[in-house]
Chemist: 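Got a structure for you, questions after.
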Amino acid sequence: MVRVLKIGGSILTDKSCERGALPMEIERVAREVASRPHDLVLVHGAGSFGHIPARQYGLPQRFSPEGLRVTHESVVRLNRLVLEALAKAGVGALPVHPLSCLILSGGRIESFATEPIKKMLEDGIMPILHGDVAMDLTQRAGIVSGDQLVSHLARALKAEIVAVGCNVDGVLFSGRPMAEVKRSDLPLIEGAIGGSAGIDVTGGMKGKLDELLDLADMGMSSMIFNASKEGNIVRALRGEAIGTKVWRPD
Ligand SMILES: Nc1ncnc2c1ncn2[C@@H]1O[C@H](COP(=O)(O)OP(=O)(O)OP(=O)(O)O)[C@@H](O)[C@H]1O
Ligand SMILES: C=C(C)CCOP(=O)(O)O
């Protein structure tokens with residue numbers, strides 16, 4: 001039973017501060033992930049390691065080879081911190097950098113070589129992906145969010161559990177987390193779904209919900225939950241209902 005878990009950059013970093021890693025949080029996340037490591041693909045957000053350089057170089061609107069390099073190198077640094085914490089927690093994990101294994105078209109994943117990920121899972125290794133810069137067939141280069149990776153991988157791997165952790169209790173409406181969101185709810189709640197509170201180039205909660213509603217349209221449910229609360233990652237990995245379920249009624 002494959003599970004795809006994303007841990008948002010808002011958990012691992014301080015999104016208002018360049019390369020503002022939160023080592024204690026990274027270690028806690030690693031410990032929680034280590035409690036249920038089997039058949040798990042972990043995706044993490046870029047946080048301040050990605051969004052700040054991307055904003056500085058005008059990505060994704062502006063084409064900047066230097067901006068692509070600097071942003072990629074920076075998110076790889078965060079990826080390394082996550083890998084080190086996982087190794088310390090006893091998890092056998094390997095990095096998978098989206099820049100090197102997928103291509104976009106108009107900002108959407110056009111093709112993605114997922115064979116290495118499948119093979120890692122088969123052999124008991126946890127693949128660790130991250131939001132990244134990527135080459136784009138129609139607009140030279142762009143950005144692929146961890147949320148888009150989750151939606152694509154969930155489909156490619158036929159995941160049974162899809163969970164996206166961020167720093168809020170789910171999709172908030174009138175100040176409270178919604179138990180569930182369906183596409184038909186959008187007209188009512190759209191005005192209340194916004195971008196990130198920090199520096200962000202991938203749309204905050206709006207971007208997340210768009211990706212997960214696309215997944216729901218294919219009949220796959222997911223959960224947006226608060227990964228800053230200790231124990232919630234373990235619960236999400238068990239498939240417990242926490243936060244907001246994004247789904248499509250049959
Ligand atoms: N209606 C809403 N409900 C919940 N969060 C919302 C809403 N509207 C806007 N947000 C913002 O979206 C943020 C979550 O998105 P964000 O992209 O910052 O998280 P992340 O996935 O952890 O980050 P990253 O993109 O670095 O991985 C919340 O912290 C909040 O500020
Ligand atoms: C900003 C970059 C490079 C990737 C964004 O990925 P996200 O943090 O998952 O939205």
Side-chain angles (χ1 to χ4, degrees), residues 4-22 25-26 29 42-61 64 67-79 82 97-99 102 104 107 109 128-136 141-153 163-178 181 185-186 188-212 222 224-228 233 243-244 246:
V4 178
L5 170 71
K6 183 198 170 196
I7 298 296
S10 61
I11 300 296
L12 308 172
T13 76
D14 172 354
K15 284 182 78 164
S16 62
C17 161
E18 191 164 6
R19 291 195 189 142
L22 300 173
E25 277 297 272
I26 295 175
V29 167
L42 179 66
V43 178
H44 66 78
S48 59
F49 285 69
H51 293 276
I52 293 182
R55 173 69 53 83
Q56 280 166 350
Y57 283 95
L59 305 177
Q61 290 80 11
S64 160
L68 295 169
R69 177 183 57 78
V70 170
T71 305
H72 175 70
E73 277 184 9
S74 183
V75 290
V76 167
R77 277 194 204 195
L78 177 62
N79 184 252
V82 173
H97 304 304
L99 172 62
L102 64 77
L104 305 173
I109 296 172
I128 317 293
L129 295 95
H130 52 85
D132 203 353
V133 297
M135 300 315 291
D136 191 306
I143 285 186
V144 60
S145 71
D147 300 321
Q148 188 180 164
L149 294 172
V150 166
S151 173
H152 186 98
L153 288 171
V164 173
C166 61
N167 63 346
V168 285
D169 286 337
V171 177
L172 304 176
F173 184 63
S174 299
R176 305 169 91 143
M178 296 177 72
V181 173
D185 296 324
L186 263 191
L188 174 69
I189 64 170
E190 213 156 31
I193 314 294
S196 173
I199 297 162
D200 189 284
V201 297
T202 52
M205 185 54 74
K206 171 82 176 69
K208 209 175 296 304
L209 199 54
D210 284 346
E211 298 297 347
L212 297 181
S222 59
I224 300 176
F225 72 100
N226 192 337
S228 71
I233 295 174
T244 303
V246 184

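Counting starts at 1 for both ligands and their atoms, following the listed order.
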Chemist: Could you give the distance from CG (Leu99) to CZ (Arg69), rounded to the nearest 0.5 Å?
Modeler: 12.5 Å
Chemist: Tell me, do Val133 and Val75 make a side-chain contact under 4.5 Å, heavy atoms counted?
Modeler: no
Chemist: For atom 6 (C) of ligand 1, what is the closest protein heavy atom, and at what distance to 0.1 Å?
Modeler: Met205 CB, 3.4 Å
Chemist: Which atoms from ligand 1 have a heavy atom of His51 less than 4.0 Å away?
Modeler: 24 (P), 25 (O), 26 (O)
Chemist: Identify the closest protein heavy atom to atom 18 (O) of ligand 1: which residue and atom is it, and at what distance?
Modeler: Ser196 OG, 2.7 Å
Chemist: Who are the ring-ring contact (aromatic ring centres under 6.0 Å, His included) partners of His44, not counting sequence neighbours?
Modeler: His130
Chemist: Using a strict cut-off of 4.0 Å, indicate which atoms of ligand 2 neighbour a heavy atom of Gly50.
Modeler: 1 (C)
Chemist: Heavy atom of Ala192 under 4.0 Å from ligand 1?
Modeler: yes
Chemist: Quick check on Gly47 - does any of its heavy atoms sit under 4.0 Å from an atom of ligand 1?
Modeler: yes
Chemist: Check whether any side-chain heavy atom of Leu212 lies under 4.5 Å from a side-chain heavy atom of Asp147, and answer yes or no.
Modeler: no
Chemist: Could you tell me whether some N/O pair between Ile7 and ligand 1 is separated by less than 3.5 angstrom?
Modeler: no
Chemist: What do we get for Lys208 next to ligand 1 when only non-hydrogen atoms under 4.0 Å count, side chain, backbone, both or neither?
Modeler: side chain
Chemist: Within a strict 4.5 Å, meaning less than it, do heavy atoms of the Val201 and His51 side chains meet?
Modeler: yes
Chemist: To the nearest 0.5 angstrom, please state how far the CE atom of Met178 sits from the CD1 atom of Ile189.
Modeler: 4.5 Å
Chemist: Can you check whether Asn167 has an N/O within less than 3.5 Å of an N/O in ligand 1?
Modeler: yes
Chemist: Under the side chain to side chain contact (heavy atoms under 4.5 Å, CB included) criterion, do Ile143 and Thr71 qualify, and how do the steps go?
Modeler: CA-CA 10 Å; Ile143 285 186; Thr71 305; 5.5 Å; no
Chemist: Taking C-beta and beyond as the side chain, do Phe225 and Ile233 meet within less than 4.5 Å on heavy atoms?
Modeler: yes
Chemist: Considering Gly195, Gly203, Ser174, Gly170 one by one, which has a heavy atom nearer to atom 10 (N) of ligand 1 than any of the others?
Modeler: Gly195
Chemist: Looking at Asp136 and Gly107, would you say the former's side chain and the latter's main chain have a donor-acceptor pair under 3.5 Å?
Modeler: yes
Chemist: Which ligand 2 atoms does Ile143 reach within 4.0 Å, using its non-hydrogen atoms?
Modeler: 2 (C), 4 (C)
Chemist: Keeping the roles fixed (side chain from Ser74, backbone from Gly50), state whether a donor-acceptor pair exists under 3.5 Å.
Modeler: no
Chemist: Evaluating non-hydrogen atoms only, which member of Gly67, Ala46, Ser10 is closest to atom 2 (C) of ligand 2?
Modeler: Ala46
Chemist: Under 4.0 Å from a heavy atom of Gly45: which atoms of ligand 2 are those, numbered in the order shown and with their elements?
Modeler: 8 (O), 9 (O)
Chemist: Heavy-atom contacts under 4.0 Å between Lys6 and ligand 2: side chain, backbone, both, or neither?
Modeler: side chain
Chemist: Among all protein non-hydrogen atoms, which one is nearest to atom 8 (N) of ligand 1, and what is the separation to 0.1 Å?
Modeler: Gly194 N, 2.9 Å
Chemist: When you compare ligand 1 with Ile193, is there at least one nitrogen or oxygen pair between them that comes in under 3.5 angstrom?
Modeler: no
Chemist: May I ask you to test the Cys166-Met205 pair for a side-chain heavy-atom distance under 4.5 Å?
Modeler: yes
Chemist: Where's the contact between Asp147 and ligand 1, heavy-atom distance under 4.0 Å: side chain, backbone, both or neither?
Modeler: neither
Chemist: Counting heavy atoms only, name the option from Cys166, Pro177, Ala197, Gly204 that's nearest to atom 15 (O) of ligand 1.
Modeler: Gly204
Chemist: Side chain or backbone, does Ser145 bring an N or O within less than 3.5 Å of an N or O on ligand 2?
Modeler: no
Chemist: Report the nearest protein non-hydrogen atom to atom 9 (O) of ligand 2: residue, atom name, distance rounded to 0.1 Å.
Modeler: Gly146 N, 2.7 Å
Chemist: In Å, rounded to the nearest 0.5 Å, how long is the span from CD1 of Ile109 to OG of Ser145?
Modeler: 8.0 Å
Chemist: Counting non-hydrogen protein atoms only, what is the nearest one to atom 22 (O) of ligand 1? Give residue, atom name and distance.
Modeler: Ser10 OG, 2.5 Å
Chemist: Looking only at heavy atoms, is any part of His44 under 4.0 Å from ligand 1, and if so is it the side chain, the backbone, or both, or is it neither?
Modeler: neither
Chemist: Once salt bridge (Lys or Arg N to Asp or Glu O under 4.0 Å) is applied, do any residues pair with Asp132, and if so which ones, sequence neighbours excluded?
Modeler: none
Chemist: Within ligand 2, which atoms have a heavy atom of Thr202 less than 4.0 Å away?
Modeler: 5 (C), 7 (P), 10 (O)
Chemist: By number and element, which atoms of ligand 2 are closer than 4.0 Å to a non-hydrogen atom of Thr71?
Modeler: 3 (C)
Chemist: Does ligand 1 come near enough to Leu172 that some N or O of the ligand is less than 3.5 Å from an N or O of the residue?
Modeler: yes
Chemist: What protein heavy atom sits nearest atom 16 (P) of ligand 1, and how far away is it?
Modeler: Lys15 NZ, 3.7 Å
